[in-house]
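In what follows, a single structure is set out as structure tokens and then discussed.
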Amino acid sequence: MLHEQPETFAGTLVEPRAALTAADPEAATILAREERRQREGLTLIPSENHAFPQIRAMLGSVFADKYAEGLPGRRYYGGAAHVDEIEDLARARAKALFGAEHANVQPLSGSPMNQAVYFGLLEPGDTILAMDLSHGGHLTHGAPVSAMGKLFRFIRYGTRPGGSFDMDEIRAVARRERPKLVITGFSSYPRDIDYAAFRQVADEVGALAMADVSHVGGLIAGKALANPFDSGFDIVTTTTHKTLRGPRGGLILCKAAHARAIDQAVFPGLQGGPHMDHVAALAVALKLIDTDAYRAHARQVLVNAKALAGALTARGATLVTGGTDNHLMVVDVAASFGVDGAEAQARFDRVGLVANKQVVPDDDRPAMRPSGLRLGTPAVTTRGMTAAEMDGLAELIVATITQARPETELRAQVQALAHRFPIPA
Ligand SMILES: *Cc1c(COP(=O)(O)O)cnc(C)c1O
């Protein structure tokens with residue numbers, strides 16, 4: 001007699017957490033500590049978030065065990081029917097959400113994602129115009145310490161003292177240096193970007209225009225911020241684990257004309273087998289983002305950032321550019337409270353608030369002890385906080401930096417707030 005095979009895969013029959021604890025109690029304990037740290041603290045790092053809980057069913061699933069070098073329909077391995085289905089789903093959803101002609105969902109993270117664009121569309125030594133790290137740009141935008149900074153000729157632009165871009169200056173630099181690629185995008189810039197103005201500069205010198213929206217990809221997909229494709233950009237890159245709330249990874253969106261070059265730069269240019277469980281999780285995140293609930297969340301992230309920036313300013317904080325249009329802000333803690341960013345970060349850590357030190361434009365302090373502290377609202381908004389909570393949060397932030405109350409008391413107050421707003425599970 002033939003037995004029906006059970007539908008469940010053998011590996012998923014055991015409750016995975018119980019199996020982990022039995023097999024490796026030491027590692028399981030460390031995991032439990034990290035869960036507790038996240039549960040009892042508040043993440044204010046603008047590039048961090050709490051991923052959609054549903055994606056964890058895909059992360060580490062049997063897709064992780066599958067080699068899938070190549071693209072759907074053109075793999076180098078057999079057994080690819082279902083990885084093809086899931087990658088096609090992720091690509092279609094990404095294109096629809098961002099209004100892109102082509103998507104590559106395989107970059108293992110944000111850095112290889114940007115490298116793939118450079119290697120796909122340029123030759124080593126070509127000139128790229130991008131934002132300076134100390135003004136809010138990213139390492140992969142040609143910081144001298146990055147490999148990309150050595151392989152390509154990066155010319156960097158900054159912001160004016162008030163924080164705006166001097167487009168006349170950027171245009172003049174572009175005319176002089178003739179870049180092949182103009183990049184806009186940031187890791188620490190609290191204002192929205194005039195994409196049309198950058199597109200115009202690129203057009204004037206015959207360059208491609210790329211927006212690295214790693215921080216705000218979710219907010220753009222959620223229609224809370226402008227989409228660079230609406231201004232005719234050629235390439236948009238984004239990480240998938242920040243505001244997008246998906247798995248750690250990178251996503252390259254581009255015009256059809258660049259599809260082949262970029263796909264080949266990702267594989268075989270820079271990577272081997274894609275992490276298919278991440279691709280599968282990304283497919284799920286992209287569905288969850290295409291909902292009214294997420295679009296409301298994206299708007300709330302911005303509302304909360306404005307409220308937090310206002311409440312911090314009212315309590316004596318000086319913010320770089322004087323405020324925020326997006327999800328993040330940089331407090332000049334040195335100018336406001338006479339404490340450097342590293343010390344403020346350490347005081348935060350001891351009470352369960354989590355942020356990171358940050359250089360401010362033309363900082364006169366060293367990068368390990370900069371003047372700023374970077375804060376963002378994505379993670380606390382994911383936990384359900386609204387503008388009503390931002391004044392209390394600002395009070396806790398300033399009290400922590402200025403040591404207005406004992407740390408044990410501050411820690412208890414942070415925990416109480418965290419308990420009221422649990423991480424979605
Ligand atoms: C976070 C970020 C990246 C890189 O992402 P990783 O996943 O850390 O490699 C690239 N560009 C920008 C603008 C970012 O903010």
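In each ligand, atom 1 is the first atom listed, and ligand 1 is the first ligand listed. In this text the structure is predicted, and so the values were computed from the model without any measurement.
Of the heavy atoms in S111, both backbone and side-chain atoms come closer than 4.0 Å to ligand 1.
In this structure, R347 pairs ionically with E343, as a charged nitrogen and a carboxylate oxygen lie closer than 4.0 Å. By the 4.0 Å N-to-carboxylate-O rule, E204 lies close enough to R175 to be salt-bridged with it. D290 and R295 are joined by a salt bridge, as a carboxylate oxygen and a charged side-chain nitrogen come within less than 4.0 angstrom of each other. Of the charged side-chain nitrogens involved, at least one lies within less than 4.0 Å of a carboxylate oxygen, so that E87 and R75 count as a salt-bridged pair.
Interface of K242 with ligand 1, defined as ligand atoms under 4.0 Å from a residue heavy atom, comprises 1 (C), 2 (C), 3 (C), 14 (C), 15 (O). Of all atoms in ligand 1, listed by their number and element, those nearer than 4.0 Å to a heavy atom of D212 are 10 (C), 11 (N), 12 (C), 13 (C). Contact atoms of ligand 1 toward F186: 13 (C), 15 (O) (distance under 4.0 Å to a heavy atom of the residue). Counting the atoms of ligand 1 from 1 in the order shown, those under 4.0 Å from a heavy atom of S214 are 2 (C), 3 (C), 10 (C), 11 (N), 12 (C), 13 (C), 14 (C), 15 (O). Per-residue contacts place S187 under 4.0 angstrom from the following atoms of ligand 1 (heavy atoms of the residue considered): 12 (C), 13 (C), 14 (C), 15 (O). Of all atoms in ligand 1, listed by their number and element, those nearer than 4.0 Å to a heavy atom of H241 are 7 (O). Residue contact check: G110 has heavy atoms under 4.0 Å from atoms 4 (C), 5 (O), 6 (P), 7 (O), 9 (O) of ligand 1. Using a 4.0 Å cut-off to heavy atoms of H215, the atoms of ligand 1 that qualify are 15 (O).
For the pair R156 (side chain) and G142 (backbone), a donor-acceptor distance under 3.5 Å is present. Proximity of a side-chain donor or acceptor of Q415 to a complementary backbone N or O of E40 within less than 3.5 Å is not detected.
F198 and F233 have their aromatic ring centers separated by at least 6.0 angstrom.
For R248, the closest heavy-atom approach to ligand 1 does not fall below 4.0 Å.
No more than 12 heavy atoms of other residues, nucleotides or ligands shown are found within 6.0 angstrom of CZ on R260.
Not a single N or O atom of H141, backbone or side chain, sits closer than 3.5 Å to an N or O atom of ligand 1.
The nearest non-hydrogen atom to atom 7 (O) of ligand 1, considering only P107, G136, G249, S109, comes from S109.
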